[in-house]
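Every chain is numbered from 1, with letters handed out A, B, ... down the list of sequences. These numbers were taken from a predicted model, which means no experiment stands behind them.
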Number of protein chains: 2
Amino acid sequence: MAAAPKTRIQMKNRATILEAALEVFSANGFRGATLDQIATAAGLSKPNLLYYFAGKEAIHAELLTSLLDTWLDPLRALNANGDPIGEITGYVQRKLEMSRAYPRESRLFANEIVQGAPRMIDEITGPLKTLVDEKAAVIRGWSEAGQIAPLDPHHLIFSIWATTQHYADFDVQVRGILRPDGEAHFDAAAGFLQSLYERALSPF
Amino acid sequence: MAAAPKTRIQMKNRATILEAALEVFSANGFRGATLDQIATAAGLSKPNLLYYFAGKEAIHAELLTSLLDTWLDPLRALNANGDPIGEITGYVQRKLEMSRAYPRESRLFANEIVQGAPRMIDEITGPLKTLVDEKAAVIRGWSEAGQIAPLDPHHLIFSIWATTQHYADFDVQVRGILRPDGEAHFDAAAGFLQSLYERALSPF
DNA sequence: CGTGTTCCTGACCAATTGGTCAAACTATTT
DNA sequence: AAATAGTTTGACCAATTGGTCAGGAACACG
């Protein structure tokens with residue numbers, strides 16, 4: 001899609017712009033973000049932004065496509081041959097770690113999907129669905145073999161997305177309610193989710 | 001805040017405008033919504049909108065404050081004297097029912113909170129925190145009495161919000177992945193969440 | 001050093017958008 | 001029916017915003 005950067009300056013400036021755009025888009029949504037904000041955040045002039053990218057849409061699209069892959073890595077890592085409960089709780093922990101380390105990426109996707117995913121619907125019904133269906137089949141195998149409790153695998157995956165991404169997407173709310181405990185709530189969340197899923201998945 | 005409507009026409013038109021605004025704000029976020037869109041959706045002219053409301057902000061604010069109360073009703077209904085597991089799974093079901101019946105309201109809040117809740121932060125750190133703390137204390141009492149498993153009550157509430165609102169806020173994604181099953185996924189979700197929380201909360 | 005290429009900018013533009021206002025139109029009341 | 005109060009609108013405005021463009025500055029390289 002986007003022309004491959006060639007010079008050192010291009011590499012550096014494109015990266016700077018994408019970093020600034022991630023900041024601005026994730027905090028304001030596509031429509032709420034302006035090229036001026038992105039330009040200011042990147043320390044560049046607006047016409048200069050448009051020298052590197054064809055337009056606002058192009059910057060946004062580049063962010064979405066280049067980040068989606070990374071975003072799905074934790075699910076890809078779910079290993080059909082591992083210990084079922086350990087694999088799933090491991091997935092939960094990796095996903096929560098993503099929320100801690102990359103909250104802006106999470107909010108970028110959240111903004112997009114809440115508003116109907118107008119620029120991502122193909123990725124969802126295509127590659128994403130394929131990956132989820134594949135991993136859901138693995139989980140279904142485990143529950144049919146009696147290794148984990150019989151829970152619907154698709155909804156199990158949804159619940160993991162929901163509970164883990166909540167800490168990135170609804171960060172202000174979590175902080176507002178857990179007021180004085182600063183950063184510690186991620187560790188508390190890790191412990192809570194570990195217990196929740198261990199208990200729920202245990203076949204006994 | 002907003003002047004109390006007096007005439008029949010005022011009642012009807014204010015309601016029409018708020019309904020249209022809910023549609024538009026929930027689908028596009030505050031910044032993404034335009035007065036023209038709301039006016040068109042309401043079947044009124046833009047200046048006429050502004051005869052009934054002081055401005056875009058005022059319409060949005062009215063929606064947020066008037067809907068927040070309803071939104072929290074399910075949690076208020078959590079009864080300290082009821083059966084612990086039944087109370088909590090009942091709360092889960094009521095909350096999921098809200099997602100099914102009022103997805104636009106859910107998305108209105110989701111849009112606001114994902115973007116840092118600039119217009120709602122006081123409600124969060126005030127009345128919302130108070131209510132959550134109160135109900136969390138009730139849940140803590142249950143787990144200290146050994147009636148439910150020892151899970152952090154605040155994070156338990158967060159997980160319930162996350163899992164239930166997910167079906168409204170990320171509706172396109174859920175539909176995109178569960179493609180052919182139309183509306184049935186809400187019933188599947190109800191069953192899944194019932195099992196998930198029953199299993200996780202059971203003290204044994 | 002000169003020259004071609006890449007990079008950057010100020011000035012500008014058309015479209016969109018939130019909001020105003022005077023005038024016209026419609027209900028309601030007396 | 002006249003007077004009053006409430007409702008609606010077309011025309012207009014200033015600010016914002018995505019994007020363009022011609023030319024200048026910096027850089028690479030023979």
Side-chain angles (χ1 to χ4, degrees), chain A residues 1-64 108 111-112 115 118-119, chain B residues 1-64 108 111-112 115 118-119:
Chain A
M1 254 354 36
K6 295 175 176 178
T7 73
R8 247 172 296 159
I9 296 180
Q10 268 175 46
M11 299 259 287
K12 194 195 67 179
N13 281 351
R14 285 182 59 96
T16 304
I17 292 168
L18 288 173
E19 157 66 27
L22 174 60
E23 187 72 27
V24 175
F25 280 132
S26 68
N28 304 97
F30 180 79
R31 192 66 161 34
T34 72
L35 287 179
D36 281 302
Q37 285 176 80
I38 298 172
T40 300
L44 298 172
S45 68
K46 185 168 59 167
N48 204 7
L49 281 201
L50 295 165
Y51 172 73
Y52 289 101
F53 290 91
K56 191 183 177 184
E57 291 273 2
I59 302 176
H60 192 250
E62 171 98 7
L63 276 178
L64 283 187
L108 181 77
N111 266 301
E112 176 68 11
Q115 302 190 4
R119 307 159 220 277
Chain B
M1 257 351 41
K6 294 175 177 179
T7 74
R8 249 172 295 158
I9 298 179
Q10 269 174 45
M11 299 260 287
K12 195 196 68 180
N13 281 349
R14 284 181 59 95
T16 305
I17 292 167
L18 288 172
E19 156 66 27
L22 174 59
E23 188 71 27
V24 175
F25 280 131
S26 69
N28 303 97
F30 180 78
R31 192 63 160 39
T34 73
L35 287 179
D36 281 301
Q37 285 176 81
I38 298 173
T40 299
L44 298 172
S45 68
K46 186 169 58 167
N48 206 3
L49 280 200
L50 295 166
Y51 172 73
Y52 290 100
F53 289 91
K56 191 183 177 184
E57 291 273 3
I59 302 176
H60 192 251
E62 172 99 7
L63 277 178
L64 283 187
L108 181 77
N111 266 301
E112 177 68 10
Q115 301 190 5
R119 305 159 222 275

Nearest 0.5 angstrom please: B:Asn13 CG to B:Leu49 CG, how far? 9.5 Å
Gap separating the CG atom of A:Leu22 from the NE2 atom of A:His60, nearest 0.5 angstrom: 10.0 Å
From CZ of A:Phe53 over to C1' of C:dC8, roughly how many Å is that when rounded to an integer? 16 Å
Please give, in whole Å, the distance from D:dT17 C1' to A:Phe30 CZ? 12 Å
Ranking D:dT7, D:dA11, C:dA11 by distance to the side chain of B:Pro47, first place goes to D:dA11
Per nearest nucleotide of DNA chain D, the residue lying toward the 5' end, A:Ala54 or A:Thr34, is A:Thr34
Taking the six-membered ring for Trp, are B:Phe30 and B:Phe25 parallel (under 30°), tilted (30 to 60°) or perpendicular (over 60°)? parallel
Could you give the CG-to-C1' distance, from B:Leu44 to D:dT7, as a whole number of Å? 11 Å
Just the rounded figure in Å: distance from P of C:dT6 to CE of A:Met11. 17 Å
Rounding to a whole Å, what distance do you find between A:Glu57:CD and D:dG19:P? 8 Å
Between CG of A:Asp36 and P of D:dT16 the distance, given in whole Å, is 10 Å
Hey, is the main chain of B:Ala33 close enough, under 3.5 Å, to the side chain of A:Arg31 for a donor-acceptor pair? no
Candidates C:dC8, D:dG18, D:dG10 - which lies nearest the side chain of A:Leu35: D:dG18
Let me know the distance between CG of A:Asn48 and C1' of C:dG10, rounded to the nearest Å. 13 Å
So does A:Gln10 get a side-chain nitrogen or oxygen closer than 4.0 Å to the phosphate oxygens (OP1/OP2) of C:dT6? no
Nearest to side-chain heavy atoms of A:Thr7, which nucleotide of D:dG6, C:dT17, C:dC7: C:dC7
Check the phosphate of C:dC8 against A:Tyr51, side-chain N and O only, distance under 4.0 Å to OP1 or OP2. Yes or no? no
Determine: side-chain N/O of A:Ser45 to OP1/OP2 of C:dT9, distance under 4.0 Å, yes or no. yes
Verify the contact: side-chain N or O of A:Arg31 to OP1 or OP2 of C:dT17, cut-off strictly under 4.0 Å; return yes or no. yes
Quick one: label B:Ile9 by what it contacts on the DNA or RNA (base, sugar-phosphate, nothing), any heavy atom closer than 4.0 Å. sugar-phosphate
Side chain of A:Tyr52 only, heavy atoms from C-beta on: which candidate in D:dG19, C:dC8, D:dG6 is closest? C:dC8
Length of the line joining B:Arg8:CZ and C:dT26:C1', which is rounded to integer Å: 13 Å
Students often get this wrong, so: under 4.0 angstrom with heavy atoms, is A:Ala33 touching a base, only sugar-phosphate, or nothing? sugar-phosphate
Please report the interatomic distance CD1(A:Ile38) to NZ(A:Lys46), rounded to the nearest 0.5 Å. 11.0 Å
Heavy atoms from C-beta onward define the side chain here; which of C:dC8, D:dT8, D:dT7 lies closest to that of B:Asn13? D:dT8
Rounded to the nearest 0.5 Å, what's the gap from CD on B:Glu19 to CG on B:Leu63? Could you check? 9.5 Å
Side chain of A:Lys56 - closest among D:dT7, D:dG18, C:dC8: D:dG18
Counting heavy atoms from C-beta on, name the nucleotide in C:dG19, D:dT17, C:dT17 closest to the side chain of B:Leu50. C:dG19
